[in-house]
Amino acid sequence: MPELPEVEAVTRRVRRMAAGARIVSAGLYRAGIAAPQNPEKIRRGTRGQRIEAVERRGKNILVFLDGGSVLRVHLRMTGNLTVIADHRLRPVTARAWFELDGGRAMILDDPRALGRITLHKTAELAKLFSNLGPEPLGPEFTPEFLARIAAASRKPIKLLLMDQRLIAGLGNIYAVEALFQAGIHPARKACRAGAGRLRALHAAIVGTLKLAIDSAIKAYELPGGFSEEEVFPAAVYGREGEACLRCRRLVRRMKQGGRSTYYCPGCQK
DNA sequence: AGTCACCTGATT
DNA sequence: AATCAGGTGACT
């Protein structure tokens, strides 16, 4: 379930639980997880390494190892990176695992096995992310920046928001939610969005992501397993046919780039 | 620019 | 049986 907020929550939790630990051994259950590299490279490159830091870049989790290499974990659609107390008790959906000293393990738990783990030299990170846009919660992502990339694009504004080369970390849900908040129709050509609406969109993106990070962290910490949807109720996402919370018209669904877009025909022009 | 493949599980 | 899923990269 990972867009930027969920990946941020996962990153913080793994950082708290695994920073300083040493990797005893690694296992990868299928070659695809390491694509386009291979499992052996990751097994060899991580054995005996100590985890120095855990960071996030866009939707990527970066596990920095001593010795100058870094594991890049991408959760794709259904992945989750967790630390468990006993490496032998990993679930069957654990597609990769890193046994830590003390018998714990950091695992990539991913039912669909679409997640990816690759190993890189720390010095190569800049090149790896050379096509990734700025962090939406970082200093580069200003209203002026959003106005600039919007003016330069004729594609539907929702696809612009989800283009990782332009902004790093927004996905389907939060793009949909931010556009609803800003009152912009998802199919509007980016270059034809008004200046005022774009300013509102910038604020909506930042506000939505910050709120969602808090929600994702709470969702993980709540005992009894509250789902994130209960903590962060979406205004339009997944609500096709239900009344818009603002104007009571019925929320619609359409396809953009193969993904479902939800919007209110009354509030978003 | 649009579609498909990658995977599996849940829902209709 | 068919469709859907919070992502991405490789096709046409």
Side-chain angles (χ1 to χ4, degrees), chain A residues 1-11 28-39 56-61 72-81 91-96 108-118 128-133 136 152-180 186-191 205 208-209 211-220 226-241 251-263:
Chain A
M1 332 171 292
E3 294 182 35
L4 185 151
E6 294 79 14
V7 177
E8 176 66 23
V10 167
T11 299
L28 289 93
Y29 284 137
R30 54 173 88 194
I33 297 298
Q37 300 179 349
N38 61 73
R56 179 191 59 76
R57 178 75 176 91
K59 297 172 194 168
N60 298 275
I61 302 165
R72 185 206 60 144
V73 181
H74 198 298
L75 303 175
R76 294 280 182 99
M77 297 279 272
T78 51
N80 190 11
L81 191 69
V92 291
T93 46
R95 307 303 182 183
L108 171 63
D109 192 8
D110 186 357
R112 279 175 75 177
L114 294 172
R116 292 287 179 269
I117 298 181
T118 50
L128 182 66
F129 294 132
S130 62
N131 286 325
L132 203 54
S153 172
R154 287 175 312 254
K155 68 180 167 189
I157 190 148
K158 188 216 177 193
L159 297 185
L160 174 131
L161 294 184
M162 291 179 67
D163 188 338
Q164 303 298 298
R165 297 169 301 184
L166 300 175
I167 306 170
L170 271 186
N172 203 32
I173 289 188
Y174 299 113
V176 160
E177 291 293 312
L179 286 167
F180 170 75
R188 175 167 288 273
K189 285 191 195 327
C191 59
I205 290 169
T208 302
L209 288 178
L211 194 61
I213 288 174
D214 290 343
S215 301
I217 289 169
K218 283 200 189 98
Y220 282 129
F226 265 76
S227 68
E228 192 182 337
E229 299 83 74
E230 291 171 83
V231 184
F232 183 88
V236 284
Y237 184 86
R239 299 189 65 245
E240 181 184 18
V251 172
R252 289 189 189 162
R253 178 163 75 111
M254 65 190 282
K255 285 280 186 191
Q256 289 182 289
R259 323 293 309 282
S260 284
T261 296
Y262 299 84
Y263 67 102

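Every chain is numbered from 1 and lettered A, B, ... according to where its sequence line falls, protein lines coming before strand lines.
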Rounded distance (Å) that lies between atom [atom2] of [N] and atom [atom1] of [X]:
X	N	atom1	atom2	value
A:Ile157	B:dA1	CD1	C1'	18 Å
A:Leu159	B:dA1	CG	P	9 Å
A:Asp110	B:dC7	CG	P	11 Å
A:Ile173	C:dG7	CD1	C1'	12 Å
A:Arg72	C:dG9	CZ	C1'	11 Å
A:Leu170	C:dT8	CG	P	11 Å
A:Arg76	B:dC7	CZ	C1'	11 Å
A:Leu114	B:dG9	CG	C1'	12 Å

Sole candidate of A:Ile61, A:Ile33, A:Leu81 that passes side chain to side chain contact (heavy atoms under 4.5 Å, CB included) when paired with A:Ile117: A:Ile33

Reference residue A:Pro5; test side chain to side chain contact (heavy atoms under 4.5 Å, CB included); the match among A:Ile217, A:Leu211, A:Leu209: A:Leu209

Any donor-acceptor pair under 3.5 Å linking the side chain of [X] with the backbone of [Y]?
X	Y	result
A:Glu3	A:Gly169	no
A:Glu240	A:Tyr262	no
A:Arg116	A:Leu114	yes
A:Lys59	A:Leu170	yes
A:Arg95	A:Pro111	yes
A:Gln164	A:Gly58	no

Is there a side-chain contact between A:Leu132 and A:Asn60 in this structure, where contact means two heavy atoms from C-beta onward sitting under 4.5 Å apart? yes

Which value, in whole Å, describes the distance between the P atoms of nucleotides C:dA5 and B:dA1? 23 Å

When the P atoms of B:dC7 and C:dC11 are compared, how many Å lie between them, rounded to an integer? 15 Å

Might you list the N or O atoms of the protein lying below 3.5 Å from N or O atoms in nucleotides 10-12 of chain B, with each pair's distance?
none

Within the structure, does a side-chain N or O atom of A:Gln164 lie under 4.0 Å from either OP1 or OP2 of C:dT8? yes

Would you say A:His74 places a side-chain N or O within less than 4.0 Å of OP1 or OP2 belonging to C:dG7? no

Yes or no on side-chain hydrogen bond (donor to acceptor under 3.5 Å, both in side chains) for A:Gln256 and A:Thr261, after CA distance, side-chain angles and deciding distance? CA-CA 6 Å; A:Gln256 289 182 289; A:Thr261 296; 2.7 Å; yes

For A:Arg57, all residues meeting salt bridge (Lys or Arg N to Asp or Glu O under 4.0 Å), sequence neighbours excluded: A:Glu135

List in chain and number order the residues that pass ring-ring contact (aromatic ring centres under 6.0 Å, His included) with A:Phe180, two or more places apart in sequence or in another chain; answer none if no residue qualifies. none

Return the polar atom pairs (N/O with N/O) between nucleotides 1-5 of chain C and the protein under 3.5 Å, or none.
from, atom 1, to, atom 2, distance (Å)
C:dA5, OP1, A:Ser260, OG, 2.5
C:dA5, OP2, A:Lys255, NZ, 3.3
C:dA5, N3, A:Arg112, NH1, 3.1

If pairs are Watson-Crick or G-U with both distances under 3.5 Å, what is the dot-bracket string of DNA chain B, marking crossing pairs with [ ] and pairs to another strand with |? ||||||.|||||

What's touching nucleotides 10-12 of chain C from the protein side, N or O pairs under 3.5 Å?
none

Under 4.0 Å, counting only non-hydrogen atoms across every strand here, what does A:Arg30 touch: a base, just sugar-phosphate, or nothing? sugar-phosphate

Under 4.0 Å, counting only non-hydrogen atoms across every strand here, what does A:Lys59 touch: a base, just sugar-phosphate, or nothing? sugar-phosphate

In sequence, state the C-alpha distance, the side-chain angles, and the governing distance for A:Leu4 and A:Arg56, and then conclude on side chain to side chain contact (heavy atoms under 4.5 Å, CB included). CA-CA 9 Å; A:Leu4 185 151; A:Arg56 179 191 59 76; 3.4 Å; yes

Check this for me: does any side-chain nitrogen of one of A:Arg76 and A:Asp110 sit under 4.0 Å from a carboxylate oxygen of the other? no

